[in-house]
Visitor: 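Take a look at this one; I'll ask things after.
Remember, it's a predicted structure, so these values are computed and weren't measured experimentally. For reference, positions follow the sequence shown, starting with 1.
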Amino acid sequence: MEILIIVLKIIFGSFFSFAGIMHLIKPKIFNGFIPKIFPKKLVNIVIGLLELILGLGVFFATTQEISALGILFLLIFLLPIHIWDATKIKPAIGSKKIAMVRIPFQFVLIYGAYLIYLNA
């Protein structure tokens with residue numbers, strides 16, 4: 001189990017740091033996920049910084065617990081966006097099939113963040 005947690009920390013830290021950077025340097029990639037009522041530039045900056053900070057935080061023992069908890073809450077908070085995306089005629093993530101697979105995968109990510117939190 002210890003090796004699994006180490007692997008999860010590396011995957012989550014890398015993935016969320018990378019996603020955060022991408023939100024900041026290539027925000028147009030994410031614009032399709034952001035509902036029209038929200039300011040796309042601001043959302044990309046806020047989510048990008050959150051993901052970057054939380055992703056980096058997973059790599060440090062002193063911040064792992066709070067970072068994992070932050071990722072857990074962020075994933076739960078963003079779940080409705082993925083459900084909304086799956087209901088669109090042309091989902092931002094690509095095909096309808098990928099959009100539908102993304103929803104249960106979000107729960108796998110939530111569980112992974114929870115495991116990191118418990119073992120921080």
Visitor: Spell out, as yes or no, whether a donor-acceptor pair under 3.5 Å connects the side chain of K96 to the backbone of P91.
Guide: no
Visitor: Quick one: are Y114 and I110 in side-chain contact, heavy atoms under 4.5 Å?
Guide: no
Visitor: Could you see if V101 belongs to whatever hydrophobic cluster contains I89? Use Ile, Leu, Val, Met, Phe, Trp, Tyr and a side-chain cutoff under 4.5 Å.
Guide: no
Visitor: Working to the nearest 0.5 Å, report the span between CZ of F107 and NE2 of H82.
Guide: 11.0 Å
Visitor: Is I53 linked to F77 within one hydrophobic cluster, defined over Ile, Leu, Val, Met, Phe, Trp and Tyr using a side-chain heavy-atom separation of less than 4.5 Å?
Guide: no
Visitor: Around K26, counting heavy atoms of other residues, nucleotides and ligands shown, do more than 12 lie under 6.0 Å from its NZ?
Guide: no
Visitor: Ignoring hydrogens, what is the shortest heavy-atom contact between Q106 and L75? Give both atom names and the distance.
Guide: NE2-O, 2.8 Å
Visitor: With N44 as reference, evaluate L49, N31, I25, L24 under the side-chain contact (heavy atoms from CB on, under 4.5 Å) test and give the passing residue.
Guide: N31
Visitor: Is any side-chain heavy atom of S67 closer than 4.5 Å to one of L56?
Guide: no
Visitor: May I ask whether V108 and L72 are part of the same hydrophobic cluster, defined by side-chain heavy atoms of I, L, V, M, F, W, Y residues being less than 4.5 angstrom apart, directly or through others?
Guide: yes
Visitor: Locate the shortest heavy-atom distance separating G70 from L54; write the atom from each residue and the value.
Guide: C-CD1, 3.6 Å
Visitor: Do M100 and F105 land in one hydrophobic cluster if side-chain heavy atoms of ILVMFWY residues count as linked below 4.5 Å?
Guide: no
Visitor: Are L8 and I5 close enough, and set up right, to give a side chain to side chain contact (heavy atoms under 4.5 Å, CB included), and what steps lead you there?
Guide: CA-CA 5 Å; L8 284 175; I5 301 304; 4.3 Å; yes
Visitor: Minimum heavy-atom separation for A99 to A86, with atom names?
Guide: CB-CA, 3.7 Å
Visitor: Under the side chain to side chain contact (heavy atoms under 4.5 Å, CB included) rule, what do F16 and I71 come out as? Steps first, then yes or no, please.
Guide: CA-CA 8 Å; F16 280 90; I71 289 171; 3.6 Å; yes
Visitor: Looking at M22, I want to see if its CE is surrounded by more than 12 non-hydrogen atoms of other residues, nucleotides or ligands under 6.0 Å.
Guide: yes
Visitor: Starting at CD1 of I98, measure out to CG of D85 and round the result to the nearest 0.5 Å.
Guide: 10.5 Å
Visitor: Is the backbone of F30 close enough, under 3.5 Å, to the side chain of K40 for a donor and an acceptor to pair up by distance?
Guide: no
Visitor: What's the spacing between L69 CG and L74 CG if we round to 0.5 Å?
Guide: 11.5 Å
Visitor: Looking only at atom types and distance, does a side-chain atom of Q64 sit under 3.5 Å from a main-chain N or O of I116, one as donor and one as acceptor?
Guide: no
Visitor: Return the minimal non-hydrogen interatomic distance between S17 and G55, and the atom names on each side.
Guide: OG-C, 3.3 Å
Visitor: Contact between V43 and F33 at the side-chain level, heavy atoms closer than 4.5 Å - yes or no?
Guide: no
Visitor: Under 4.5 Å between side-chain heavy atoms, counting indirect links through other Ile/Leu/Val/Met/Phe/Trp/Tyr residues: same cluster for V7 and I10 or not?
Guide: no
Visitor: For T87 and W84, indicate whether the former's side chain and the latter's backbone hold a donor-acceptor pair under 3.5 Å.
Guide: yes
Visitor: Counting C-beta onward and ignoring hydrogens, is there a side-chain heavy-atom pair between I66 and Y117 closer than 4.5 Å?
Guide: no
Visitor: Looking at L109 and F12, what are the two nearest heavy atoms and their distance?
Guide: O-CZ, 3.3 Å
Visitor: Looking at I3, I'd like to know if its CD1 atom is crowded, meaning that more than 12 non-hydrogen atoms belonging to other residues, nucleotides or ligands lie closer than 6.0 Å.
Guide: no
Visitor: Taking side-chain hydrogen bond (donor to acceptor under 3.5 Å, both in side chains) as the test, write out the residues that go with N119, two or more places apart.
Guide: none
Visitor: Drop me the distance from I11's CD1 to L4's CG, to the nearest 0.5 angstrom.
Guide: 8.5 Å
